[in-house]
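Report on the structure given below.
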Amino acid sequence: MSTGVRRWGARRVIAPLLTVVVLLAVWEAGVRLTGVPEFVLPAPSQVARTAVEVAPLLGPHVLTTLTEAVAGLVLGTVAGLVLSILVTASRVTGDAVYPLVVLTQTVPVVVLAPLMILWTGFGLLPKVVLVALTVFFPVLVSAVGAMRAVDAEHADMVAGLGGTRLDQFLLVRLPASIPGALAGLRVAATYAVGAAVVAEYLAGQSGLGVFVQRSRKAYAVDQIFVGVVLIALLSGLFFALVAVLTRVATPWQRGKS
């Protein structure tokens with residue numbers, strides 16, 4: 001690895017860390033100098049102490065949210081990829097289905113939560129379904145866009161060699177959809193944890209959403225910040241894992257990043 005690449009990588013890590021440190025220092029100083037009450041805005045040091053105190057209680061909540069987010073992310077990704085293949089492989093299916101799918105996105109997923117609860121109960125399933133509904137659209141749009149943006153010359157080359165429409169799809173369009181689908185998955189990964197938390201707000205017995213809701217009712221603002229930080233960290237972890245998957249699955253794209 002060259003010195004320039006190492007410096008670039010170090011800069012990408014150090015710069016955000018320094019920014020976070022500066023923001024936390026300003027936050028800490030601002031709270032102490034202005035005397036803002038803890039129940040309004042606790043200092044970062046207070047949030048850190050609270051995180052240590054409630055750590056034994058957080059394990060089950062984190063596990064519940066992770067389970068819902070991972071299951072919903074997998075289900076939504078599979079649904080998005082399958083539907084993108086159907087939409088792209090058949091022009092009739094695309095014309096009939098794709099506009100309807102786009103139209104459904106005008107309805108916020110949270111509005112569907114009461115129906116999911118009525119149909120599937122208060123268990124894990126409605127949360128997973130809501131996460132999947134949130135996730136699948138970015139994957140679908142990105143994959144369809146990548147397939148339709150394939151250079152026509154490549155498909156014509158396969159046809160010129162005697163390939164059928166199925167061969168063109170399997171050999172050209174489907175492989176070309178991988179970078180786009182993964183780009184959509186990166187976006188979807190940032191939504192998954194948030195969607196799970198919102199679902200827990202509405203009908204949850206465990207999870208970070210439930211932890212935040214209980215903290216709100218107790219006016220424990222420091223605990224709310226602990227929950228928010230954990231949600232942000234989990235979302236960042238999901239994004240980082242998908243970024244690693246993208247680098248592994250599309251090695252020919254590394255030089256473009």
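Please read all numbers here as calculations on a predicted model, not as lab measurements.
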Inter-residue atom distance L58.CG - L63.CG, 0.5 Å rounding: 12.5 Å
Whether E200 side chain and L208 backbone form a donor-acceptor pair below 3.5 Å: yes
Main-chain N/O of V22 paired to W27 side chain as donor or acceptor, under 3.5 Å: no
Hphob cluster co-occupancy, V47 + F39, side-chain heavy atoms under 4.5 angstrom: yes
Least distance between heavy atoms, F211 atom then G227 atom: CE2-N, 4.1 Å
T67 and L124: CA distance, side-chain angles, deciding distance, side chain to side chain contact (heavy atoms under 4.5 Å, CB included) verdict: CA-CA 9 Å; T67 302; L124 179 67; 4.2 Å; yes
Same apolar cluster: V36 and I224, side chain cutoff 4.5 Å: yes
Exam field: side chain E28 to backbone S45, donor-acceptor pair closer than 3.5 Å: yes
ILVMFWY cluster, L100 and L140 together (side-chain gap under 4.5 Å): no
Sole residue of V141, V144, V139 in side chain to side chain contact (heavy atoms under 4.5 Å, CB included) with S84: V144
F238 versus A189, closest heavy-atom pair with distance: CB-O, 3.7 Å
Close side-chain approach of L75 and F136, heavy atoms under 4.5 Å: no
Nearest heavy atoms of A199 and L130, plus distance in Å: CB-CD1, 3.8 Å
G184 to S142 - nearest heavy-atom pair and separation: CA-OG, 3.3 Å
Rounded distance (nearest 0.5 Å) linking atom CG of L185 with atom CG of L245: 7.0 Å
4.5 Å side-chain heavy-atom contact, Q223 and E53: no
V135 and T77, any side-chain heavy atoms less than 4.5 Å apart: yes
Linked, directly or transitively: L41 and L33 (ILVMFWY side chains, under 4.5 Å): no
Common cluster, L233/V62, ILVMFWY with side-chain heavy-atom separation under 4.5 Å: no
Shortest non-hydrogen contact from R186 toward A243: CD-CA, 4.4 Å
Distance, nearest 0.5 Å, that separates CG of L234 from OG1 of T190: 13.0 Å
From CA spacing to verdict: side chain to side chain contact (heavy atoms under 4.5 Å, CB included), V40, V221: CA-CA 7 Å; V40 175; V221 180; over 6 Å; no
Interatomic spacing from CZ in R216 to OH in Y201 - rounded to 0.5 Å: 9.0 Å
Closest contact, heavy atoms only, S206 versus P60: OG-O, 3.7 Å
Euclidean distance, L73 CG relative to L66 CG, rounded to 0.5 Å: 11.5 Å
Approximate separation, where rounding is to 0.5 Å, of L230 CG and L237 CG: 11.5 Å
Min side-chain heavy-atom separation Q205-V210 under 4.5 Å: no
Exercise: do Q46 and T50 side chains pair donor with acceptor under 3.5 Å: yes
Y191, OH: over 12 other non-hydrogen atoms inside 6.0 angstrom: no
Main-chain N/O of V193 paired with S235 side-chain donor or acceptor, under 3.5 Å: no
